[in-house]
Amino acid sequence: MTRIGLPRLLLAPAFLGFAVIVLPVAGLLGRVDWAGLPALVTSGSALSALGLSLRTAAFSTLLCLLLGGPLALVLARADFRGLRLLRALVLLPLVLPPVVGGLALLYLLGRNGFAGQWLDIAFGVRLPYTTAAVVLAQTFVAMPFLVVSLEGALRTAGQRYEAVAATLGAGRWTVLRRVTIPLLLPGIGSGVVLSFARALGEFGATIAFAGSLEGTTRTLPLEIYLQRESDVDAAVALSLLLVVIAVVVIAVARPRAVEGLR
Amino acid sequence: MTRIGLPRLLLAPAFLGFAVIVLPVAGLLGRVDWAGLPALVTSGSALSALGLSLRTAAFSTLLCLLLGGPLALVLARADFRGLRLLRALVLLPLVLPPVVGGLALLYLLGRNGFAGQWLDIAFGVRLPYTTAAVVLAQTFVAMPFLVVSLEGALRTAGQRYEAVAATLGAGRWTVLRRVTIPLLLPGIGSGVVLSFARALGEFGATIAFAGSLEGTTRTLPLEIYLQRESDVDAAVALSLLLVVIAVVVIAVARPRAVEGLR
Amino acid sequence: MSALSSRFRVTRGAFTLDVQLDLEAGEVVAVLGPNGSGKSTLMNLLAGLLRPDSGHLTLGGRDLVDAQPHQRGIGLLAQEPLLFPHLTALANVEFGPRAQRRAGSRETALRWLAEVDAAEFADRRPRQLSGGQAQRVALARALAAEPDLLLLDEPLNALDIDAAPAMRGLLRRVLRAQSRPAIVVTHDALDALVLADRVVVLDAGRIVEQGPSREVLTRPRSAFAARIAGLNLIAGTTVEGGLHSDSGVVIAGRSTAAPGENGVAVFSPSAVAVHRDNPHGSPRNALRVRLAGMEPRGDLVRLRAADGTAADITPAAVAELGLEPGQDVWFVVKATEVGVHAALGRSQGGSWPRD
Amino acid sequence: MSALSSRFRVTRGAFTLDVQLDLEAGEVVAVLGPNGSGKSTLMNLLAGLLRPDSGHLTLGGRDLVDAQPHQRGIGLLAQEPLLFPHLTALANVEFGPRAQRRAGSRETALRWLAEVDAAEFADRRPRQLSGGQAQRVALARALAAEPDLLLLDEPLNALDIDAAPAMRGLLRRVLRAQSRPAIVVTHDALDALVLADRVVVLDAGRIVEQGPSREVLTRPRSAFAARIAGLNLIAGTTVEGGLHSDSGVVIAGRSTAAPGENGVAVFSPSAVAVHRDNPHGSPRNALRVRLAGMEPRGDLVRLRAADGTAADITPAAVAELGLEPGQDVWFVVKATEVGVHAALGRSQGGSWPRD
Amino acid sequence: ACTSAPEQRTVTVFAAASLKESFTELEKSFEGSHPGVDVRISFGGSSDLAQQIVNGAPADVFAAANTSTMDTVAKSDLIDGRSEIFAVNTLRIVVPKGNPKGVKSLADLTKPGTALVLCAPQVPCGAATKQVAAAAKLTFTPVSEEPDVRSVLGKVGAGEADAGLVYVTDVLSAPGKVEGVDFPESADAVNEYPLALLKKSKQAQLAREFAELVRGQAGRDVLARAGFGPP
Ligand SMILES: Nc1ncnc2c1ncn2[C@@H]1O[C@H](COP(=O)(O)OP(=O)(O)OP(=O)(O)O)[C@@H](O)[C@H]1O
Ligand SMILES: Nc1ncnc2c1ncn2[C@@H]1O[C@H](COP(=O)(O)OP(=O)(O)OP(=O)(O)O)[C@@H](O)[C@H]1O
Ligand code: MOO
Ligand SMILES: [Mg+2]
Ligand SMILES: [Mg+2]
């Protein structure tokens with residue numbers, strides 16, 4: 001089928017929107033000290049922060065998918081009293097200033113925290129100042145992005161094909177695996193991109209909950225923030241590294257399938 | 001039609017996901033100094049910050065919708081070389097640390113910035129340190145959320161009904177207004193919620209680009225940040241105010257229609 | 001004990017469905033009825049896609065009223081094909097067997113695709129299929145799932161003049177070969193006759209008539225059945241080129257059945273010519289009957305013979321021939337107007353409730 | 001100059017469509033063809049929903065080959081109803097008039113809803129409609145848009161035994177009343193006869209046959225047209241209770257037309273009984289014809305009269321009557337077997353190319 | 001000079017976030033003594049503020065938390081005259097209330113099992129920390145190197161760290177949650193707060209008067225109450 005054309009006039013706001021996003025970043029490029037860049041970018045602390053960022057963000061995106069995916073399904077498909085409230089509560093981390101979110105995690109899982117004490121006694125596990133804390137902080141802030149965008153996609157998709165699958169004798173898991181998820185791929189793609197990006201850029205909750213120790217908890221945003229104190233231009237250059245990495249990862253990882261099946 | 005049931009076992013990760021989001025916030029509640037709260041929350045600076053936050057976030061969400069909506073349509077429906085690159089570029093503000101994003105805006109629109117000089121000479125307009133700058137900073141960071149979630153929803157929805165509308169003689173605008181947008185409402189709902197939440201919580205880009213002047217640019221997250229300098233507990237209490245407001249606004253504003261039409 | 005026992009009551013807006021429907025093992029029921037009479041609603045209730053306000057449902061002794069759709073073993077070919085858009089035609093057909101973890105699911109799927117004459121589309125996506133091709137693949141998908149109860153909602157829709165009879169023949173073979181019951185929704189009396197033991201006529205959410213297919217369609221009591229029927233049926237045993245009727249007459253016709261089977265000869269009342277004397281013309285079938293009744297039927301007159309056979313002729317012809325009840329006349333019908341089909345043996349004496 | 005002039009070539013996977021189709025002002029063309037022959041593809045090309053690899057398209061003098069669908073003034077009722085799920089039935093029908101900013105769009109929509117006998121569903125959403133009800137609303141929506149060229153892809157699908165003839169009648173009235181051309185895709189020869197001036201038979205993406213409806217269906221040259229037709233047609237002028245044929249005979253039949261119109265009498269060759277002498281039975285129509293030819297046709301023999309009328313009888317009857325070409329015989333057909341329909345006047349002498 | 005123009009005049013002050021309490025108080029008193037004058041203070045990280053000023057922010061007065069950020073502004077030739085130090089801040093050991101680990105000296109911070117949180121060396125308080133460590137010939141192994149001093153305070157206040165090094169002013173700002181422990185080496189690392197008037201100012205006179213208030217006795221009193229030392 002041919003695509004139905006868009007009104008030409010829409011190109012104007014679309015272009016403006018694009019400009020709002022891209023022009024400032026383009027402006028940054030002009031400020032970069034290209035000569036000093038290689039040294040800066042390959043410095044031990046930058047590379048260690050970058051590696052840590054990619055690892056933790058990937059891991060927390062996975063967590064978001066494994067926990068947030070089911071949550072989105074329940075919110076979109078279940079039907080019980082109080083569902084509307086639940087749906088609003090899921091938005092909490094979106095509005096909480098990230099630093100406060102980090103404090104909340106600290107109050108819960110820190111050594112004086114209710115859950116933290118229990119974890120410590122029961123398993124000898126202490127979360128703060130560990131890489132696991134970084135992942136948790138990122139998961140906390142990024143999960144709502146996955147949940148909300150997935151829930152929207154689930155509602156748009158409807159349930160007709162799932163009903164067909166059930167009448168063919170497919171159990172709930174089979175329906176989920178072979179019908180719901182494949183049909184939802186574009187939505188999952190968007191959700192994963194959003195939550196990965198949010199996790200990668202996460203700063204406030206990480207600093208409050210996990211601290212900032214090179215190699216363990218100092219992700220690239222933390223490194224950039226620190227760098228900024230002494231050398232703003234170096235910080236800008238590092239951010240561009242972050243941006244390039246993220247865009248490459250996303251462009252490569254977002255499979256073609258996601259870009260629209262039908 | 002009955003809803004096709006979900007596998008029961010999914011409830012476990014869904015519940016866990018929900019706990020990750022809600023438990024830390026619940027933990028915060030225990031820390032709040034309820035006695036001091038009313039005075040704190042009704043202080044002039046808190047109220048002024050809250051009002052400013054709500055106004056700017058509402059305005060920038062509108063901007064996101066007006067510019068980002070068309071952008072999402074173009075990205076989802078147009079077909080030209082370089083579209084994949086464009087799609088990746090739109091994600092830039094997602095990964096850029098917000099403070100760096102604010103710097104980028106400052107470099108572009110500040111007094112020495114390329115566009116800033118032009119605006120100043122041509123219109124006598126200076127953006128930084130104005131409420132407009134807050135809106136711009138929020139729009140910059142929030143727009144990708146709208147664009148990405150809308151684009152996903154557009155792909156899931158397909159174009160069959162738009163084709164029908166065109167054969168009934170509906171021009172592109174009519175198709176957009178009477179078919180595309182109504183069918184997209186759940187996706188628009190998700191996108192608006194995400195970008196409103198992101199705008200409301202925006203801190204880094206605002207402080208870097210717009211500064212922190214009470215009544216003009218000091219939004220609630222900035223007020224909370226400052227409050228933290230003197231009293232962490234007061235800051236936490238203020239954040240809860242932010243959270244409550246946001247959840248109420250979203251729960252009220254998200255029309256029922258959005259919750260699934262079919 | 002019947003294989004399927006069901007009773008549903010459900011209200012959707014201004015429409016209320018209130019139906020009791022039982023099927024015996026292996027019985028095939030055709031559901032007829034006007035648009036909006038509740039046929040698809042009934043199918044959805046049986047399949048578990050719609051929850052009744054009240055009712056019960058047992059299939060093969062299992063109580064299914066609270067069962068999820070996938071636990072019921074009830075397959076539904078819905079009114080729209082709804083092929084999974086992300087799967088090829090083959091994968092669509094394979095879906096049921098795989099979901100049920102049956103061995104050899106691929107071979108099963110290939111076989112069914114071939115049965116519906118769609119083997120060449122195996123690797124196509126649904127959006128690459130024409131309407132009729134998609135309908136055939138959907139039929140294969142429903143059959144391959146081998147449910148305990150098969151529901152077919154207008155299965156021959158959108159099929160062309162070659163495909164429709166072929167699929168009808170396929171369905172007949174499949175439904176007769178198995179001991180599992182099935183329900184077919186259709187707007188075509190021929191489907192009811194060829195495929196079903198029994199006909200249920202729905203109107204405005206209620207069963208207005210039911211009974212063995214041939215009985216309902218020859219002696220319709222509801223307006224709708226009367227309109228959809230318009231056919232004479234004579235039961236007997238098939239012979240070469242015709243049917244040996246239970247009353248001992250041989251009726252020549254175009255046979256679709258092998259000789260020696262239970263069968264029916266089917267022809268329209270409007271195909272019957274009436275003569276006072278045996279005309280000895282080309283028409284092969286001249287049945288001597290006694291006129292039992294005459295009734296106006298639209299702009300025609302329906303003559304009803306004592307054995308139930310009907311003939312529709314114009315009032316002018318009635319006048320010209322001077323016909324009156326009690327007379328012996330010849331009902332003459334060309335062999336080419338008579339279809340002889342195998343009948344499902346069990347349809348003779350069902351145990352369904354008659355109102 | 002023709003109202004529509006089009007030629008398309010497009011390849012989709014292994015399938016290639018290559019069709020040239022011209023319509024005169026007000027002409028109605030029926031497109032017949034097996035499943036997958038390219039009928040829907042052709043409709044999508046005309047509507048602008050599919051881009052041809054090459055071709056041209058002009059409608060009413062406007063060159064539309066690069067026009068967007070909404071600029072073409074070509075309306076399409078697709079094979080699936082695809083009612084807008086977020087709008088009521090009424091708003092669906094009103095969509096076209098409103099999109100075109102026509103005054104009184106609501107009244108227009110209400111009128112069309114009433115025409116398709118769906119006024120009572122005005123406020124319902126599509127998911128609250130049955131399959132046949134949705135199909136009727138979709139038909140009303142297509143008609144209310146009043147396009148310059150109307151494309152109907154299997155418009156009578158899913159309709160019940162009462163609704164189908166009613167909608168066919170409605171379409172006939174609408175299509176005849178306007179001077180705008182239309183194309184109807186169908187699997188039913190009756191639709192072609194009742195609705196269309198001309199028939200185009202597609203097979204595997206090519207036009208294998210075309211011509212005036214009655215001509216193609218009485219003297220089919222393609223295998224598919226032959227199978228779909230199977231009908232005798234006699235042209236003439238309608239009279240009370242029948243047709244006065246162009247050759248001067250009055251044929252009694254069940255008439256759907258007012259007297260005095262151009263019309264056709266339609267009956268199946270298998271409904272024709274053959275007699276050596278005038279039988280004077282109930283059948284009202286006895287036509288004296290000279291046998292021109294005899295050909296086997298499956299398990300039957302088709303007798304062809306010199307005037308083209310056909311009769312299908314069994315070989316046994318041929319033997320019994322001792323028939324041979326050149327003989328004068330009586331073709332006898334009951335009035336109830338003959339349908340008399342008004343024919344679209346223009347169909348007599350079209351100017352389309354014949355291959 | 002007594003014109004009847006009731007016009008509202010505005011002085012814009014850019015001040016380091018750590019000055020929030022003190023400068024808010026000074027703002028009130030300045031506005032009290034200068035009717036019709038509105039003092040607007042933008043608080044933020046010193047380096048953010050410096051960037052903004054370099055990029056054209058309409059500031060009249062800049063009060064930074066370290067001299068290096070002030071240098072950034074000076075390099076851009078935006079300072080009217082010279083910057084002057086108006087306050088100093090020194091480091092103090094901070095421990096949770098009750099001092100559960102019994103920290104008494106800088107050396108106690110190196111004890112194993114003591115969760116220590118410090119400022120990262122890149123930021124002013126971290127640089128100061130480095131100086132005292134060098135002076136005391138100690139090597140710290142912190143569990144976290146925070147990017148700002150408030151994060152150190154936050155972790156200790158929440159009981160997640162057993163000790164940290166922060167400014168005297170920070171210890172005073174969280175009474176009831178943390179305690180301070182003095183140590184002699186703190187004198188080796190004094191953090192200086194410079195203040196400058198900016199060239200582009202449209203209210204140079206008012207700006208000068210505000211700067212005088214800060215540097216004068218009233219200012220010193222307010223700053224001293226917050227824990228700042230005199231220059
Ligand atoms: N959600 C609903 N709300 C109100 N009425 C409904 C709803 N769903 C179905 N109906 C009505 O219920 C009746 C039965 O619908 P159903 O689909 O069962 O008809 P059907 O017999 O299958 O008709 P068709 O031959 O057209 O497919 C129809 O009159 C329809 O309008
Ligand atoms: N995207 C595609 N890729 C490959 N083949 C396609 C594609 N779309 C359609 N076809 C094939 O093109 C042929 C024509 O399809 P079309 O839908 O036009 O058939 P149709 O004549 O409308 O049939 P029906 O009577 O079943 O509706 C079919 O054989 C179909 O399988
Ligand atoms: O400018 Mo700061 O926040 O006191 O280091
Ligand atoms: Mg139905
Ligand atoms: Mg088709």
Side-chain angles (χ1 to χ4, degrees), chain A residues 24 27-28 31 43 45-46 49 98-100 102-114 116-117 120 126-131 133-134 203-236 238, chain E residues 16-17 44-55 64-66 68-69 71-73 75-76 96-98 100-101 113 115-128 130 140-162 164 177:
Chain A
L28 275 188
R31 295 264 172 159
S43 74
S45 60
V99 172
V100 178
L103 282 180
L105 285 170
L106 202 59
Y107 291 161
L108 181 74
L109 293 165
R111 75 175 155 193
N112 302 328
F114 151 74
Q117 282 177 342
D120 196 354
R126 288 190 194 175
L127 282 176
Y129 313 117
T130 64
T131 306
V134 178
F203 168 75
T206 309
I207 191 85
F209 179 47
S212 163
L213 196 65
E214 188 179 325
T216 308
T217 60
R218 188 176 297 154
T219 57
L220 201 49
L222 270 65
E223 172 73 19
I224 289 168
Y225 186 87
L226 262 187
Q227 190 71 254
R228 213 164 55 93
E229 291 291 331
S230 45
D231 182 353
V232 174
D233 292 338
V236 167
L238 268 188
Chain E
S46 302
S47 64
D48 279 338
L49 296 174
Q51 283 299 317
Q52 291 173 3
I53 291 167
V54 169
N55 284 284
N66 54 58
S68 65
T69 45
D71 291 346
T72 317
V73 180
K75 253 184 267 160
S76 300
K97 191 171 158 63
K101 291 272 169 176
L116 175 67
V117 178
L118 299 175
C119 285
Q122 290 93 331
V123 298
C125 65
K130 219 166 142 185
F140 296 131
T141 48
V143 293
S144 178
E145 293 180 335
E146 304 288 330
D148 61 66
V149 70
R150 302 303 299 188
S151 296
V152 176
L153 185 71
K155 294 237 162 51
V156 176
E160 288 305 323
D162 299 318
K177 303 195 123 185

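Since the structure is predicted, the reported quantities are computational estimates derived from the model, not experimental observations. Just so we're on the same page: letters track the sequence lines, and every chain starts at 1.
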_A side-chain contact here means heavy atoms from C-beta on lying under 4.5 Å apart; do A:L222 and E:P147 qualify?_
no
Tell me, for [X] versus chain A, whether the close heavy atoms (under 4.5 Å) come from the side chain, the backbone, both or neither.
X: E:V117; result: side chain
X: E:A50; result: neither
X: E:Q51; result: side chain

_Quick check on A:R126 against chain E: is it the side chain, the backbone, both or neither that has a heavy atom closer than 4.5 Å?_
neither
*Closest approach of A:I207 to E:S151 (non-hydrogen atoms, all atoms of both residues)*: CG1-OG, 4.1 Å
Taking [X] for the side chain and [Y] for the main chain, is one N or O donor matched with an acceptor at less than 3.5 Å?
X: A:S212; Y: E:E145; result: yes
X: A:N112; Y: E:A158; result: yes
X: A:Y129; Y: E:E160; result: yes

*Can you name the side-chain hydrogen bond (donor to acceptor under 3.5 Å, both in side chains) partners of A:T217, sequence neighbours left out?*
none
_Taking side-chain hydrogen bond (donor to acceptor under 3.5 Å, both in side chains) as the definition, give me every residue that meets it alongside E:S68, ordered by chain and number, with sequence neighbours left out._
E:N66
*asked:* For A:F114, I'd like to know if atom CZ has over 12 heavy atoms of other residues, nucleotides or ligands within 6.0 Å.
replied: no
*Atom OG of E:S47 and atom OH of A:Y225: how far apart are they, to the nearest 0.5 Å?*
7.5 Å
